[in-house]
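Below, chains carry the letters A, B, ... as their sequence lines are ordered, and counting in each starts from 1.
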Amino acid sequence: MSDETVEESGRYPFREIEKTWQVRWADASVHRAENESSRPKHYVLVMFPYPSGSGLHVGHCKNYVPGDVAARFKSMQGFNVLNPMGWDAFGQPAEQDAIKNGVNPRQIVPKLAEIYKKQLDILGVSYDWSREINTTSPEYYRWNQWIFLKLFEKGLAYRDFAPVNWCDNDKTVLANEEVVDGKCWRCGSVVQKRPLAQWKFKITAYADKLIEGLDKINWAEGVKTQQREWIGRSEGAEVDFAVMASPNPDNGEPKVENSESGSPLLGLGDKITVFTTRPDTLWGATFMVLSPEHPLVSQITTPEQKSSIESYISEAAKKSEADRTDDTKEKTGVFTGAYAVNPVNDAKVPIWIADYVLTGYGTGAIMAVPAHDQRDFEFARKYNLEIKVVVQPEGEKLDGATLDAAWPGDGTMASSGVIDGIPAGKGEGESVKAAIVHLATLGAGRGKIQFRLRDWLISRQRYWGTPIPIVHCLACGIVPVPESELPVVLPDIEEYRPGPDGRSPLSTVPEFVNCACPKCGGKAERETDTMAGAMDSSWYFLRFADPKNSERAFDTKIANDWMPIDTYIGGREHAVGHLLYCRFFTKFLHELGLCDADEPAASLKNQGMLNAYTPILSGTDKAIKPEEFVHYPREDWIAAYNQNKKPIPAERYVELDGVKSVEPIEVEFSWLKMSKSKKTAVTPDEMAEKYGADALRLYILFEAPFESDIQWSEERMNGTFRFLGRVWDIIMNVIEGSPSPDNAPDPSNGGPDKESEVRALRRKTHQSIAKVTDDLENFRFNTAVSALMILSESLRKFVNAGGTSHPAAREAAEALVLLLAPMAPHLADELWSRLGAEGFLYRTDWPKSDPALAAEDELTVVVQINGKLRDKLVVPAGTSREEQEAAALASEKIQSDLSCLTVRKVIVVPGKLVNIVAN
RNA sequence: GGGCGAGUGGUGGAACGGUAGACACGCUGGUCUUAGGAACCAGUGCCGAAAGGCGUAGGGGUUCAAAUCCCCUCUUGCCCACCA
């Protein structure tokens, strides 16, 4: 862009300035973090991106920009700042691209990384690029493998044949977190259950520690609560129910055995163990329910019930997780024909199966207490099962026969043998403790803490990931690859598509698969699963401390110097995924003695999203892409829709069985996450070209609070652009000492010669320093920008009134530039050097506010009568309580308003207000 | 159903329990001009000519004083949803 065009735009030459300073910063490596430093450390980390083909759009800047402001601010405050960036590049999107384009993802990733890096540089983000990492490089993923081996060594990585979530469309297994409403989070197709040998990490072993650690980290309560619930700790007991002998086939009646005299047990002494948080209600357990997948079901089912049980099981298998867990549906189940014995009262309880009992939680079996659990109650009513009340609420006498809902609340134990009469209550309740003691004496149960959290499924039947460093030997079984042989390098392959059997594409590469057993030297095969991408991001923050280490994952001393992350920035959507995994890893590595920190991030900040006004199908939240429309007069529609908020009739193309046609639709607009695929993406490149990166940065900071969503508007961005133009003009005036511009207001009434004007400007300067410092410290960027606007306005007025070369103007100009530096770094550095200073603002001291200069010498005091504003007074600072009250009462306005009232009481807040209570 | 948020002008948003609407966008009028994506000046919550009154989703409450704290209702966002 030529200078002439810049001149024509009437704005400051932002393109030239931004380019110049980006080159200077890079040449001087100003943003490099020092491993040895006398300055205190500050580690700022923004969650690293997943480079995809579409590159960055301005929505992504919602976290990178504030992260950069935090880093620059801390650096100016004298901290040795670590602000690194890298690429989380293993995983599906890159692989899908590769499949589509027939290229190896390893060729695409570096190109994407280059694009991202360039875009981030255009934004002027102060990353220490010497620490750039790429999770797909063998130098990185060999340490994934190393950590895997450590987990294996400690028994925390294991192979399991549990049923897994299978997406038939993507041909892959999904983690529980990747299943949304029983559907694949990526493609939306229904997830099936399939048994497959998988590698898992025993995150459940850290369940308690993961809950306890939450208390000492400064994360949003919402995120912490989500984690607590996800881990789902509940206290209760396990209870064993003995299964009774098969009913007599002769008469079809179950044979009631006397448990006291003979053994009621079937053959091998089968028992069903259940978990309950209410062992105290055991006397009210009138039946049991197993999940359809429970292993005992086939053994205990009687011949008469066999066919109905089998058909129920096959129906249940067909249902998606979404259907099964929809609690609005009526509960269904089938009787197995078998009975068990309630260990506390020897009652004969029928055993049912029902899909409301989940295989994955507890033992996959429950004791049903219909009187005190609503689900069991509904089930009992439907199938005419006994309802026995064992907790009587205060002042009531419930009867199972007439109950219309379960009573889950407190009360007194009744009909409960040895615990009769004890106060009943969940958790800390005495009755629960007493029941557990009693169970222990019977040998039929024990106290137990149950977690909802499941072990972390790490296996992927995918190409683009870290190979799992395990060898399967016919003779030795599962053998870990020796550390000295790491990395197990991901080979180049031709076909990335997984086979229809769901096995990893790596299984098709004999040179990879076939190997010698590290233990016996015999023929063996490599594990062909790769690791989930979440593995990479679970410890990358430690690698950033020591990214080039070829001997170890990271040096412990260096890691200790940097950890924990002081400010971690990322989206709320990672609350129970990444943010839980990385805490688990940090705790594990801590226990290995590899780092002092046992929590990765001392403080976590969650940014809001940036949304774009997107056309949607009326009555849904489904976006319609512009190319689907037959005609799409966007601007007109938006205007029309905004005016009367009524759907706009339109037409779109549809393709049914290969036949294209046009269908009428109704269109509305809604604020949805900016996205390339919805064609709502605006790139930072084009905005930087048009308005400059500084203006874009300022827009993102100013438009809404950090945690709130932004509704993207280029029109508003124009506002921060104009502000920067004004800053440029004002400070150039100060620098050049030029007289006020032609269109400045007449300086005749009051000029900077007046001592009060000078004092006022200096006050504003020092107040602004204090305000902006506090705001940046607390991520209140929007009000920080506003404070700068106010300061620049004060300076502009002062300059226009002829104060161009006054020292107070110089002081204000310097403060303005310094305070602006973290947010609009290019313009700030340019003006700073034009103001005659040396060096980069990144390493320049943050200004200090002088409280004496910031103090007001006059204060406005509000006078209220009965809380309503009646008058305002200006009093000198330091006016006493009494003087202030007297002045208020002396006010003419107040006198007249009080004329027919009696003063009852006067409240005085010095320097603030006087409230006169009168009637 | 549960958990956590949120509801303030035409718009984005400000407001330690103490002047509601800072700062912007937009809009209205004006100045200037090399007619620009300008710049500058003035105005802009609602009703009212004014005095004044009314105003922070709605209704109660606490308080000298409530957008802010408490209770109820409504609306809305996100997350989890048969967890025994």
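Counting only heavy atoms from C-beta on, A:Lys797 has its side chain closest to B:rC41 among B:rA84, B:rC25, B:rC41. For A:Asn782, taking side-chain heavy atoms from C-beta onward, the closest of the listed nucleotides B:rG13, B:rA84, B:rC23 is B:rG13.
Comparing the C1' positions of B:rC41 and B:rG60 gives a spacing of 48 Å, expressed to the nearest Å. Between B:rC32 and B:rA49, the two P atoms lie 33 Å apart (nearest whole Å). Rounded to whole Å, the separation between the P atoms of B:rG55 and B:rA20 comes to 12 Å. Comparing the P positions of B:rA14 and B:rC64 gives a spacing of 31 Å, expressed to the nearest Å. Using atom P as the reference point in both B:rG2 and B:rA81, the two lie 16 Å apart (nearest Å). Here, B:rA67 and B:rA22 have their C1' atoms 15 Å apart, quoted to the whole Å. Between B:rG61 and B:rA50, the two P atoms lie 34 Å apart (nearest whole Å). For the C1' atoms, the distance linking B:rU19 with B:rU56 amounts to 15 Å, nearest Å.
Of the two residues near RNA chain B, A:Val785 and A:Lys690, the one whose nearest nucleotide lies more 5' is A:Val785. Nearer the 5' end of RNA chain B, as judged by each residue's closest nucleotide, is the contact made by A:Ser708, out of A:Ser708 and A:Asn718.
Residue A:Met717 contributes atom CE, which lies 13 Å from atom C1' of B:rC25 at whole-angstrom precision. Across the protein-nucleic acid pair, A:Asp280 atom CG and B:rA84 atom P stand 14 Å apart, rounded to whole Å. Distance, A:Met609 CE to B:rC78 P: 8 Å, rounded to whole Å. Atom CZ in A:Phe14 sits about 14 Å away from atom P in B:rA38, given to the nearest Å. Atom CG of A:Leu453 and atom C1' of B:rC80 are 14 Å apart (whole Å). Between the CD1 atom of A:Ile730 and the P atom of B:rA39 there is a distance of 12 Å, rounded to whole Å. Taking atom CD of A:Glu793 as the reference point, atom C1' of B:rA42 lies 13 Å away to the nearest angstrom. The CD atom of A:Glu686 sits 18 Å away from the P atom of B:rG37 (whole-angstrom rounding).
Remark: aromatic rings of A:Phe721 and A:Phe14 are close, center separation under 6.0 Å. The distance between the ring centers of A:Phe379 and A:Trp352 falls below 6.0 angstrom. The distance between the ring centers of A:Tyr699 and A:Trp712 falls below 6.0 angstrom.
Counting heavy atoms from C-beta outward, A:Arg904 and A:Asn919 have side chains that approach closer than 4.5 Å. Between A:Leu873 and A:Thr860 there is no side-chain heavy-atom pair separated by less than 4.5 Å. Side-chain contact between A:Leu282 and A:Leu439: present, with at least one pair of heavy atoms (C-beta onward) separated by less than 4.5 Å. A:Val861 has its side chain out of reach of A:Lys912: every pair of non-hydrogen atoms, C-beta onward, lies at least 4.5 Å apart. Side-chain atoms of A:Val682 and A:Met674, non-hydrogen and from C-beta on, do get closer than 4.5 Å to each other.
Within the 4.0 angstrom heavy-atom criterion, no nucleotide atom of any strand lies near A:Arg572. Residue A:Thr720 is classed as having no contact, given no heavy-atom separation below 4.0 Å to the nucleic acid. Residue-level contact check: A:Arg722 touches the backbone only, with heavy atoms under 4.0 Å from sugar-phosphate atoms and none from bases. Among the protein residues, A:Glu714 comes within range of the nucleic acid bases, having at least one heavy atom under 4.0 Å from a base atom.
Within residues 364-375 of chain A, the residues approaching RNA chain B are A:Ile366, A:Arg375, by heavy-atom distance under 4.0 Å.
By the side-chain hydrogen bond (donor to acceptor under 3.5 Å, both in side chains) test, A:Arg722 is found to be paired with no residue, residues two or more places apart in sequence or in another chain being considered. A:Asp694 is linked by a side chain to side chain contact (heavy atoms under 4.5 Å, CB included) to A:Tyr12, A:Glu18, A:Arg697, A:Leu724, A:Ala824, A:Pro825, A:His826, A:Leu827, counting only residues two or more places apart in sequence or in another chain. For A:Glu885, the side chain to side chain contact (heavy atoms under 4.5 Å, CB included) criterion is met by A:Leu889, A:Val906, A:Val908, not counting sequence neighbours. Partners of A:Gln895 according to the side-chain hydrogen bond (donor to acceptor under 3.5 Å, both in side chains) rule, which considers only residues two or more places apart in sequence or in another chain, do not exist here.
For residues 768-793 of chain A, the ring pair (Phe, Tyr, Trp, His ring centres under 6.0 Å) pairs, not counting sequence neighbours, are A:Phe706-A:Phe779, A:Phe779-A:Phe781. Within the structure, ring pair (Phe, Tyr, Trp, His ring centres under 6.0 Å) pairs that include any residue of residues 899-919 of chain A do not occur (at least two apart or interchain). Listed by first then second residue, pairs satisfying salt bridge (charged side-chain N to carboxylate O under 4.0 Å, His left out) with a partner in residues 709-718 of chain A read A:Lys690-A:Glu714, A:Glu703-A:Arg716, not counting sequence neighbours.
Among all heavy-atom pairs drawn from A:Met288 and A:Ala340, the shortest one is SD-CB, 3.7 Å. Between A:Tyr356 and A:Ile366 the shortest heavy-atom distance is OH-CD1, 3.8 Å.
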What are the atom names and distances for every N/O pair under 3.5 Å that joins the protein to nucleotides 15-17 of chain B?
residue : atom : partner  : partner atom : Å
B:rC16  : N4   : A:Lys912 : NZ           : 3.1

Next item on the list: Quick one: do A:Tyr613 and A:Ser713 satisfy side-chain hydrogen bond (donor to acceptor under 3.5 Å, both in side chains)? Show the steps, please.
Entry: CA-CA 9 Å; A:Tyr613 213 36; A:Ser713 153; over 6 Å; no
Next item on the list: Take nucleotides 52-68 of chain B nucleotide by nucleotide from the 5' end and write B, S or -, depending on whether a protein heavy atom sits under 4.0 Å from the base, only from the sugar-phosphate, or from neither.
Entry: SSS---------BS---
Check: Reading nucleotides 3-12 of chain B from the 5' end, what letters show protein touch, with B for base, S for backbone sugar-phosphate only, - for no heavy atom under 4.0 Å?
Finding: S-------BB
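Residue A:Arg228 places none of its side-chain N or O atoms closer than 4.0 Å to OP1 or OP2 of B:rC83.
Checking A:Asn733 against A:Thr804 by side-chain atom types alone, no donor-acceptor pair falls below 3.5 Å.
Base orientation of B:rG9: syn (glycosidic angle within 90° of 0).
Scanning RNA chain B for stems, defined as runs of 3 or more consecutive Watson-Crick or G-U wobble pairs whose donor-acceptor distances all fall under 3.5 Å, gives the following ranges: B:1-7 with B:74-80, B:10-12 with B:23-25, B:26-31 with B:39-44, B:45-47 with B:52-54, B:57-61 with B:69-73.
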